[in-house]
Structures are given as structure tokens and as C-alpha cells.
Amino acid sequence: QGPPGTGKSRHLCHLVETGSFERALVCAPSNVAAAHLYELLLASGVADDISLCICPDRVPGHVEVASNHPAKRIVCTTISARAGPVLHLQAFDAVFVDEAAQCLEAHIWTLLRPEVETLIMAGDVHQLPAVVSEAGKRAALDRSLLQRLLDNGYPHDLLSVQHRMHPEISRFPNRQFYENRLRD
């Protein structure tokens with residue numbers, strides 16, 4: 001959990017790099033976010049073990065894809081691609097989700113299969129909420145799993161050093177949402 005500029009994506013990738021798992025699914029709700037995670041992991045030196053499994057025409061133009069093979073040890077993709085034909089039969093014991101506060105709870109549940117032993121989510125419940133229709137809101141489906149866990153006191157880490165906002169800009173969100181726990 002943490003506001004913009006605190007390094008949530010980088011921290012998530014660090015956990016992927018240092019984690020003890022057999023195979024990891026590293027995902028986000030959008031192609032751009034999945035490609036960003038892929039680039040961060042490539043820069044960290046895990047190039048031989050990683051692939052980006054999104055539709056080739058959806059890969060942002062600046063991203064050079066070294067592999068799109070679904071059987072690599074670390075697979076970056078979108079949340080919805082997990083249920084697609086390329087990844088449906090692949091087994092992952094660890095799942096890492098970026099921008100998890102923007103995902104409907106039901107979307108996260110689709111990532112959890114019997115072989116998953118670890119789920120790590122990164123996001124900020126004070127930024128963009130889960131995207132849902134008006135009917136979904138009336139049915140109380142507008143909460144992410146990250147929000148539900150935080151609401152119920154689930155242990156989490158707050159990334160509290162923000163690097164992007166000017167202190168004058170960060171003052172309001174710090175006071176309003178983060179109980180003055182942020183540092184610039």
C-alpha cells in the first residue's frame with residue numbers, strides 16, 4: 001500500500017527477484033502496466049527467466065520483448081490473460097499483482113488456483129477505485145480485494161517515502177489519507 005511515487009511497482013519487482021518460488025505470475029490490469037513490470041524485471045537481470053505474454057499488437061512501442069514464451073519461470077501479463085488460451089494451463093505457485101486497488105475483487109479471485117501458495121498485491125486504495133458499472137456499485141461489487149483486506153485489518157506494509165510529488169502537493173493527501181505518515 002502506498003501513494004503515487006513511493007515505488008510500489010519497483011518494490012513488487014524486488015519481491016519477485018528475491019522470492020523463493022518455482023514459477024511466478026506477475027500481472028496488472030492493463031497491458032501498459034504489465035509491460036512496465038516486465039521492463040523493471042528485465043532491468044534487474046532476470047532476462048533469461050522472464051517473458052511478456054500479452055498480445056503482440058498491445059505491447060507498447062518502446063518495449064523490446066526478449067521472450068513471450070508462457071513456460072518461463074516468471075511470466076508478466078494482464079490479469080485477464082491468465083484465463084486466456086496461452087496461460088490457462090500454466091501453473092504458478094506465486095502471483096504478484098500491481099495496481100491491485102483498481103481491480104475488482106472477482107478479478108483477483110480468477111488468479112487463485114490450487115497451486116498458488118503466495119499472493120502479493122501492490123496498490124493504493126486512496127487512488128483509483130475498482131472500476132465497476134452502476135449496477136455493480138448497487139450490488140456492492142466496487143471494492144477491490146486489497147481494500148477488503150485492509151478494511152479487515154490484514155497486515156500490510158505502507159511505502160511511506162514518496163519521490164514524485166512536491167512537498168506542497170503531498171501535504172494534502174498525507175494529511176487526508178495517510179495520517180501524516182508520508183515523508184518527502
Side-chain angles (χ1 to χ4, degrees), residues 1-19 24-44 52 54 58-63 76-81 94-112 118-184:
Q1 164 70 17
T6 55
K8 295 180 296 296
S9 299
R10 288 186 187 281
H11 187 68
L12 189 72
C13 288
H14 173 73
L15 295 173
V16 172
E17 295 165 39
T18 60
L25 181 72
V26 182
C27 55
S30 70
N31 293 311
V32 171
H36 178 64
L37 293 168
Y38 174 74
E39 287 182 303
L40 289 173
L41 287 165
L42 268 182
S44 73
L52 177 62
I54 60 176
R58 305 286 178 158
V59 176
H62 67 280
V63 177
C76 295
T77 191
T78 60
I79 293 168
S80 60
V95 175
F96 298 83
V97 183
D98 201 9
E99 299 181 5
Q102 296 176 30
C103 304
L104 292 175
E105 183 173 352
H107 291 170
I108 300 297
W109 291 117
T110 67
L111 301 172
L112 303 179
T118 302
L119 170 66
I120 297 177
M121 297 182 289
D124 182 13
V125 297
H126 302 298
Q127 280 184 64
L128 299 172
V131 178
V132 67
S133 67
E134 287 302 316
K137 287 179 185 175
R138 289 191 297 275
L141 299 175
D142 58 343
R143 182 167 60 167
S144 66
L145 180 59
L146 182 61
Q147 180 70 59
R148 179 184 296 275
L149 292 172
L150 292 173
D151 287 349
N152 287 290
Y154 202 83
H156 69 284
D157 293 326
L158 174 69
L159 299 179
S160 60
V161 178
Q162 71 85 20
H163 305 276
R164 283 199 304 232
M165 289 183 273
H166 187 279
E168 294 295 317
I169 296 172
S170 69
R171 185 178 301 146
F172 172 75
N174 190 15
R175 185 177 60 243
Q176 185 72 23
F177 303 116
Y178 303 102
E179 302 166 349
N180 290 315
R181 294 183 289 170
L182 297 183
R183 294 179 317 205
D184 296 307

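Here the structure is a predicted model, which means the values were calculated and not measured. If you read the sequence from its start, that first residue is 1, and numbering goes on from there.
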Rounded to the nearest 0.5 angstrom, the CD-CG distance for Gln102 and Leu146 is 11.0 Å

Does any part of the side chain of Pro3, heavy atoms only, come nearer than 4.5 Å to the side chain of His126, both counted from C-beta?
no

Checking Leu119, Ile120, Leu25 against Val97 for side-chain contact (heavy atoms from CB on, under 4.5 Å), the one that qualifies is Leu119

Which of Val59, Ile54, Val63 passes side-chain contact (heavy atoms from CB on, under 4.5 Å) with Asn31? It is Ile54

In short, Thr78 meets Ala34 closest at the heavy-atom pair N-CB, 4.1 Å

Shortest non-hydrogen pair, Val132 vs Gly136, comes out as CG2-CA, 3.5 Å

Notebook entry, point to check: So, Asp157 versus Gln1: side-chain donor-acceptor pair below 3.5 Å or not?
Noted result: no

(message) Atom NE2 of residue position His14 - does it have more than 12 heavy atoms of other residues, nucleotides or ligands inside 6.0 Å?
(response) no

Taken to the nearest 0.5 Å, the spacing of Ile169 CD1 from Asn174 CG works out to 13.5 Å

| query | Are side-chain heavy atoms of Leu149 and His156 found at a separation under 4.5 Å? | reply | no

Note to self: Looking at Gly2, is its backbone amide N or carbonyl O close enough to the side chain of Lys8 to form a donor-acceptor pair, meaning the two atoms are under 3.5 Å apart?
What the structure shows: yes

d(Asp184 CG, His163 NE2) to nearest 0.5 Å is 10.0 Å

In terms of heavy-atom contacts, Arg181 and Leu158 come closest through CZ-CD2, 3.5 Å

One should read off an interatomic distance between Asp98 CG and Leu37 CG, to the nearest 0.5 angstrom, of 5.0 Å

Note: Ser144 and Ala130 closest approach over all heavy atoms is N-CB, 4.2 Å

So CG of Asp124 and OH of Tyr178: to nearest 0.5 Å the spacing works out to 3.0 Å

Correct closest heavy-atom pair for Ser30 and Ala33 would be OG-N, 3.1 Å

Note: Cys27 and Ile79 closest approach over all heavy atoms is SG-CG1, 3.9 Å

Rounding to 0.5 Å, atoms CD (Glu105) and CG (Leu141) come to a distance of 9.0 Å

(Q) Just so I know, are the side chains of Arg143 and Asp151 near enough to count as touching, which here means a heavy-atom distance under 4.5 Å? (A) yes

Inset, instruction - Take atom CZ of Arg10 as the centre, draw a 6.0 Å sphere, and report whether it contains more than 12 heavy atoms from other residues, nucleotides or ligands. - result: no

